Amino acid sequence: MSTFRNLVKPYMLWMGIFIIIPMLLIVFYAFTTKGNDVITVKFTMDNFLKFFDSVYIKVLLKSLNIALITTIVCIILGYPVAYIIANTKQKTQTLLMLLITIPMWINTLVKTYAWISVLSDNGIVNSFLAKLGLAPITMMYTDFAVTLGMVYNFLPFMILEIYTALAKLDRSLIDAGNDLGANKLQIFQKIVFPLSLSGVISGITLVFLPSVSTFVIPKLLGGGQYMLIGNLIENQFITVGEWNFGSAISLIMACIILISMYFTRKFDQDKSENGNKKEVKHA
Amino acid sequence: MSTFRNLVKPYMLWMGIFIIIPMLLIVFYAFTTKGNDVITVKFTMDNFLKFFDSVYIKVLLKSLNIALITTIVCIILGYPVAYIIANTKQKTQTLLMLLITIPMWINTLVKTYAWISVLSDNGIVNSFLAKLGLAPITMMYTDFAVTLGMVYNFLPFMILEIYTALAKLDRSLIDAGNDLGANKLQIFQKIVFPLSLSGVISGITLVFLPSVSTFVIPKLLGGGQYMLIGNLIENQFITVGEWNFGSAISLIMACIILISMYFTRKFDQDKSENGNKKEVKHA
Amino acid sequence: MRTLIKFENIVKEFDGQLVLKGINLEINENEFVTLLGPSGCGKTTLLRILGGFVDQTEGKIFFEDIEISNVPAYKREINTVFQKYALFPHMNVFDNIAFGLHIKKQSKDIIQQKVNKMLRLVGLDGFEDKMVTLLSGGQQQRVAIARALVNEPMVLLLDEPLGALDLKLRKEMQHELKKIQKEVGITFIYVTHDQEEALTMSDKIVVINNGEIQQIGTPIDIYNEPENRFVADFIGESNIIEGFMIEDYQVMFDDKKFECVDYGFDDKESVDIVIRPEDIDIVTPEMGMLKGIIRSSIFKGVHYEMSVETEYRDFIVHTTDYTEPGKEVGLHFFPEDIHVMYKMGTY
Amino acid sequence: MRTLIKFENIVKEFDGQLVLKGINLEINENEFVTLLGPSGCGKTTLLRILGGFVDQTEGKIFFEDIEISNVPAYKREINTVFQKYALFPHMNVFDNIAFGLHIKKQSKDIIQQKVNKMLRLVGLDGFEDKMVTLLSGGQQQRVAIARALVNEPMVLLLDEPLGALDLKLRKEMQHELKKIQKEVGITFIYVTHDQEEALTMSDKIVVINNGEIQQIGTPIDIYNEPENRFVADFIGESNIIEGFMIEDYQVMFDDKKFECVDYGFDDKESVDIVIRPEDIDIVTPEMGMLKGIIRSSIFKGVHYEMSVETEYRDFIVHTTDYTEPGKEVGLHFFPEDIHVMYKMGTY
């Protein structure tokens, strides 16, 4: 056992280095000029200052905006689905949740191409409109198409999280509400909805954060000119070869994500803390 | 309330269509020939038969092989980390798990580029070797590089899952083992490890499944010629424009994933079922 | 006393199993009624049917002579204290108690006033802003009672409300509940499997087993004159003996005739006989009606619990005087201590 | 009886709080010793120190006169039945019980034989292949006992093992545990907060409060001659009265002098007096030593519990004869029923 003990510290040190080094490299790139290598270093803040140019800030704002809309639409569409499923029989619940989660296991790329064939100028919707003698609608390469693709991709996660929160809701609270004179609508407003909020928050984490930085969906449904922050990072690395600027942007994104994580977690902890304190009291 | 009731069924129907239609389209493409549209359909099994060509099967096997190695390496590296963290003080645990999970919030693309700058022929490792007067090693565009990139990308998920299982282990079971004469090693072998297996299995789900179908990491670290199943699908859609064959491959992948999900879940359920039955008995 | 609630032939089936087999029961105004029985006997189901959370398969419930079988829970003038309290975890003490009044859209002033009154009644003044999840078990219990009582129901249902509390606190709360019932002057219907709790608090005890009522009566009735073996065994420790009636006022068991105070049985009818451990006296072997040897003698505080082996069976005897194990003794009891009961069909 | 275990000035500090304040205690071979006290009194901590799961801050433990303070848990000849059983959820009944024997690398035959013997002892033959998570609370409890006993320890520690069971099952298991202890003939150290449990099973009771031993004695000693107010109050219901000694064999309280059997106190020393409710007789007002009015009379099965209001205080009286509330009565008790105790510094 003592030899095992002695190995703990070096092992953790090596794992730490393994995990940290690429992070440090990203930071290094972000704060240095192009063409440097580790030996001849020139530190600079230019990469960050460049980002605060109005063009890039606009891209960031557009990304945040689309991600926000996606999240809201996912909540609006997903909550009723989760609520209805949670109120069916146990067996139906399992089956329906299985159906809802199947798209999660299909490659995003493939799902997005399926939407192209629905939305494109000679796609399913427009073929259908033509049959009805109506004028075609341009849907591809619009905000609508991008948002639709994102909602489709992330909706199952939102439904899953809200459903989980609703499924573990204590039924006796609903009995209690009933007992105290509340009708179904009042029980939903005052008991079920407030207690499912933690699920909505986990859902937001799982939808908002990845939709801010996704690049596959906007590229395919938004077209080559459609630029969100994920595409911007991808371009800097792959097309332009500007690793330094790309690293700086991804650091900025990581900060935004960590800050929003902090706030949602804090909100969640405020609630669960009550539970924890109770534990302590009982001990 | 009754108007709400009446809306439930049409709402669920529309949501069902919204969720199912792209799935059906993928199935449709997989079973039809190229150049068809919805009106002039030619069904075929060719897309599937084509896959069973030795070239594509080799790609599949290679993908499964790399994913398997990635998963095993993640378990071997991740388990000790999770175990050591779970045995530190509560505050240290929170801090260390935060550090471990930070890379999860950085774009995969960016993390992978960081590894390129470590592994490339004039990267950090080779610069270091050159300083020591040693010959450079070619690491880029090898299985080693791809596996390293995958391990780095998925390791935090494995650690997180194993840690969660270990953290919720009932301390009194360890006391009981101690009481019955087992030393630390025996307690680990007979109590801690078997009871942490559920965490290892969730970890496997979160590592193996995405690493089978990832395409960003093999493309960047394996080079343009390096072909895993994710790259194959990407190529079919983007480069070759063979949506039908691409859809067929992604359906085959979905089946493989669902089957492996079924078995891991079954394994997990066998364990949790005991718990459920107990509940029933007590009711 | 006016009849407030009437159950008429209530039957309940769950998955093909009969949980309640035709319950007929009347409950009066201002009574403290306890439904007593082992777990799974159907007592909680009966309470939940009255509360409106479960529908009966057959039968009717009347409330002040009006049938309420189809009235939904939220319209019944009944409030419930749930088994695990079912407090709303996202609200503080005040909002939990005020919930029912908010729903009834009462004015802020009235709500404030009523809730404060309730907080005083259950001894939780000053706790209004605490989150309920931060309270101890006993305090949560009080909030649950206050939340129900503040609506001024005509009936309060209590579903094993003290089960989660520890011994000392449970005894305290028993007295407090009884006090509250007297103060507010409404009907309490209380479900428990603890016979001590039932004896201490109830005006009327309804003993239930296997979905059937076994006996209805005051605590004294139930304890002193159990109607069958099940009731005798469930309420306190007992010596239960099979025997038969020779004639009125004479019963035979263990090959001996005994005088008793029971009559009206058929001649030679098989019966069950109960003799409470505290009604048996230890005397000298010659003075005893039965002879035996003391096998064990355990100190229980107020009394010693002895096991006395006689020719046919072991008797449990409670006595305040110690006698050492191994000694031969006589057992003596008076005719009025022999309780003769009809035999049960099933037990 | 030989001394098996000796605690010498055991002190335990958690986060700056003194949980045990210098415990000195000897435990003999083959004794059934109960550590009794309210929750948080330190009784479980003392047990866990003996088991080796917690280190004491100060003091020494001796086992057969050898210090074991630094011997790790897995090397102590002691086994434990944990509070929530702590059965291994991934093993069946057989493997749970065989765990200790496997660790000791005993042969398959011997393991099979010993486990089967244990299964019979705890009445679980035929359950060997069941997963422990499928068992009821009472069955899990038996597995936990078998798992500990199969190792043939010299001491078995039991940490509130019956806390999770319901009333009826708890009483059954009390008798069974006592029976098992007699059969295997080893020392049992039992932790509980339930004074009834302690009285029923123990050879010796150690009453603990606030990390200090209050009294050590047989159940009869503890019940009949509590050493202080805490013990009197904790063991059974009591009337506890403040008074002072006038001289040997004479005590004064409620403005009256009473004869008693206690002596050796200082003159005029303030004392606490205990009179058990069952030792007070209800007599006519003229015959009574104190006069009072009956305020309530609750039927408790074996006895009525009455509250009698006298000039200075309410007395609790247990009697088998009913007297109606409102009536004026006298209270009578004998000199030997007055238990005089030293006042506690803190309570």
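Keep in mind the model is a prediction, meaning the values are calculated, not measured. Just so it is clear: chains get the letters A, B, ... in the order the sequence lines come, proteins before strands, and each one is counted from 1.
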> If you count heavy-atom pairs under 4.5 Å with chain A, which of C:G51, C:G52, C:A86 comes out on top?
Replying inline: C:A86
> chain A heavy atoms under 4.5 Å from C:L101: which part of the residue, side chain, backbone, both or neither?
Replying inline: neither
>> Taking side chain as everything from C-beta outward and backbone as N, CA, C, O, which of these in A:D170 sits under 4.5 Å from a heavy atom of chain C? Side chain, backbone, both or neither.
In response: neither
> Does the side chain of C:K104 come under 3.5 Å of the side chain of C:N151 through a donor N or O and an acceptor N or O?
Replying inline: yes
> Checking heavy atoms, do the side chain of C:N79, its backbone, both or neither come under 4.5 Å from chain A?
Replying inline: both
> For residues 169-191 of chain C, which residue pairs qualify under ring pair (Phe, Tyr, Trp, His ring centres under 6.0 Å), counting only residues two or more places apart or in two chains?
Replying inline: C:F32-C:F188, C:F32-C:Y190
>> Tell me whether C:R147 forms a cation-pi arrangement with C:F88, defined as NZ or CZ under 6.0 Å from the six-membered ring centre and within 45 degrees of its axis.
In response: yes
> Would you call the rings of A:Y79 and A:F188 parallel, tilted or perpendicular, where under 30° means parallel and over 60° means perpendicular?
Replying inline: perpendicular
>> Between C:R48 and chain A, with a heavy-atom cut-off of 4.5 Å, which part of the residue counts as in contact: side chain, backbone, both or neither?
In response: side chain
Review item, side-chain donor-acceptor pairs of residues 148-165 of chain A, under 3.5 Å, at least two apart:
{"residue": "A:Y152", "atom": "OH", "partner": "B:I19", "partner atom": "O", "Å": "2.7"}
{"residue": "A:N153", "atom": "OD1", "partner": "A:K111", "partner atom": "NZ", "Å": "3.0"}
{"residue": "A:Y163", "atom": "OH", "partner": "A:Q93", "partner atom": "OE1", "Å": "2.8"}
{"residue": "A:T164", "atom": "OG1", "partner": "A:L160", "partner atom": "O", "Å": "2.7"}

